[in-house]
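Everything on this sheet refers to the single structure shown next.
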Amino acid sequence: MLGRVNVVTWNVNSIRQRLPRLIAMLERHDPDVVCLQETKLTDDAFPFDELRDAGYHSTSYGQRAYNGVAVASKQPIETIARGFPGDPVPDEARLLAVRTGDLMVASVYAVNGKSVGDAAYEVKLAWFDALRSWVSTLDRSIQVLLAGDFNVAPDDRDVHDPERWRGKNLASEPERDRIRALEALGLIDLGREAAGDTTGPFTFWDYRAGAFHRGWGLRIDLVLGSAPLASRLGSVEVDREERKPTAGEGKPSDHAPVILRLR
DNA sequence: ATGTCACTTTACAAGTGA
């Protein structure tokens, strides 16, 4: 008998800076599983003790200063993968896959790509191709979840101003093709599934230009589930309050937590 | 696009990445 399970994914943009807000988020949403991105610290500096005190096992795949992904869970965690074969930037900590409870969960932080035409953009596309190859090796007849910051707005409903973003990094067609390639393997965009044919909900607002205040958001934090997992879909919500400077101690991340509820 | 933030360093300002 499977119980209700809540999963949160959140790009915290430095777990050191965000720790008080992270602990408050855990108390607010009481998630069973949490996927974190941009922890920006090495494993030896990860706040395992603070998370344990909050009731969570946790596992980190980190690095100094940049990137870094982690998973926390109320259930014990078995690490499945740190990174994946063929990653064009293997020194960058961008994927941590685990087994916890009855789920296989990967915390994902995709290459940003900087801008279309930049060398980093080509790396981004190659990174997604390698990710696709790895996903193709997974048993997708079990409950698999890829959760994290994919740095791609899958279609025009996922950007505040489609014309302004047309062809730009985070919204370009080659990037969107990479998301569709993951969907072609049977993964389902649960955020879109839950939202239906509407705009948003957005998960990221640039720190600059007062983007949050002006509503200049993007939906780039995704929860992609295998069919057996999607069959348990309850809801997907964005905690946009958390993006506000006033929402907690210290400053907000530029990403809001995404809460996936499974039946 | 860019009114910011977080990181680093032959560091105490400036470059990088987002």
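Numbers restart at 1 for each chain; the letters A, B, ... are given by sequence-line order, proteins then strands.
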OP1, OP2 of [N] versus side-chain N and O of [X]: anything below 4.0 Å?
X: A/Arg208; N: B/dA18; result: no
X: A/Lys251; N: B/dT4; result: no
X: A/Ser14; N: B/dC7; result: yes

Please state how far atom [atom1] in [X] lies from atom [atom2] in [N], giving the value in whole angstrom units.
X: A/Asp206; N: B/dT4; atom1: CG; atom2: P; answer: 11 Å
X: A/His160; N: B/dT2; atom1: NE2; atom2: P; answer: 13 Å
X: A/Gln17; N: B/dC7; atom1: CD; atom2: C1'; answer: 9 Å
X: A/Leu170; N: B/dA1; atom1: CG; atom2: P; answer: 12 Å
X: A/Asp161; N: B/dT2; atom1: CG; atom2: P; answer: 15 Å
X: A/Asn11; N: B/dC7; atom1: CG; atom2: C1'; answer: 14 Å
X: A/Asp254; N: B/dT4; atom1: CG; atom2: C1'; answer: 9 Å
X: A/Leu218; N: B/dA18; atom1: CG; atom2: C1'; answer: 13 Å

On a whole-Å scale, what distance lies between the [atom1] atoms belonging to [N] and [M]?
N: B/dT16; M: B/dA11; atom1: C1'; answer: 15 Å
N: B/dG17; M: B/dT2; atom1: C1'; answer: 15 Å
N: B/dC12; M: B/dT8; atom1: C1'; answer: 13 Å
N: B/dA6; M: B/dT10; atom1: C1'; answer: 22 Å

By nearest atom, which of the nucleotides [options] is closest to the [X] side chain?
X: A/Lys114; options: B/dG17, B/dC7, B/dA6; value: B/dG17
X: A/Arg64; options: B/dA6, B/dT9, B/dA1; value: B/dT9
X: A/Asn112; options: B/dT16, B/dT2, B/dA18; value: B/dA18
X: A/Arg164; options: B/dA1, B/dT16, B/dC5; value: B/dA1
X: A/Lys40; options: B/dT4, B/dA18, B/dC7; value: B/dC7

Pairwise 5' ranking along DNA chain B for A/Arg18 and A/Phe204, keeping only the more 5' one: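 Upstream on the strand: A/Arg18.
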
Students often get this wrong, so: under 4.0 angstrom with heavy atoms, is A/Tyr109 touching a base, only sugar-phosphate, or nothing?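 Sugar-phosphate, backbone atoms only, no base.
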
What nucleic acid atoms does A/Trp205 come within less than 4.0 Å of, heavy atoms only: base, sugar-phosphate, or nothing?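 If one applies the 4.0 Å heavy-atom cut-off, A/Trp205 turns out to touch nothing in the nucleic acid.
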
Per the salt bridge (Lys or Arg N to Asp or Glu O under 4.0 Å) rule, which among A/Arg192, A/Arg219, A/Arg176 passes with A/Asp156?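 By the salt bridge (Lys or Arg N to Asp or Glu O under 4.0 Å) criterion, A/Asp156 pairs with just one of A/Arg192, A/Arg219, A/Arg176: A/Arg176.
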
With the threshold set at 4.0 Å, does a side-chain nitrogen-carboxylate oxygen contact exist between A/Arg180 and A/Glu183?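 Result for this pair is no, no salt bridge flagged.
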
When the aromatic ring centroids of A/Tyr109 and A/Trp127 are compared, is their separation below 6.0 Å?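 Centroid distance A/Tyr109-A/Trp127: not below 6.0 Å, so no.
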
Using a distance-only test with no angle check, is there a side-chain donor-acceptor pair under 3.5 angstrom linking A/Ser115 and A/Asn169?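 Note: A/Ser115 and A/Asn169 side chains miss the donor-acceptor criterion.
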
Does the side chain of A/Trp205 come under 3.5 Å of the side chain of A/His213 through a donor N or O and an acceptor N or O?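 Side-chain D/A pair, A/Trp205 to A/His213: absent.
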
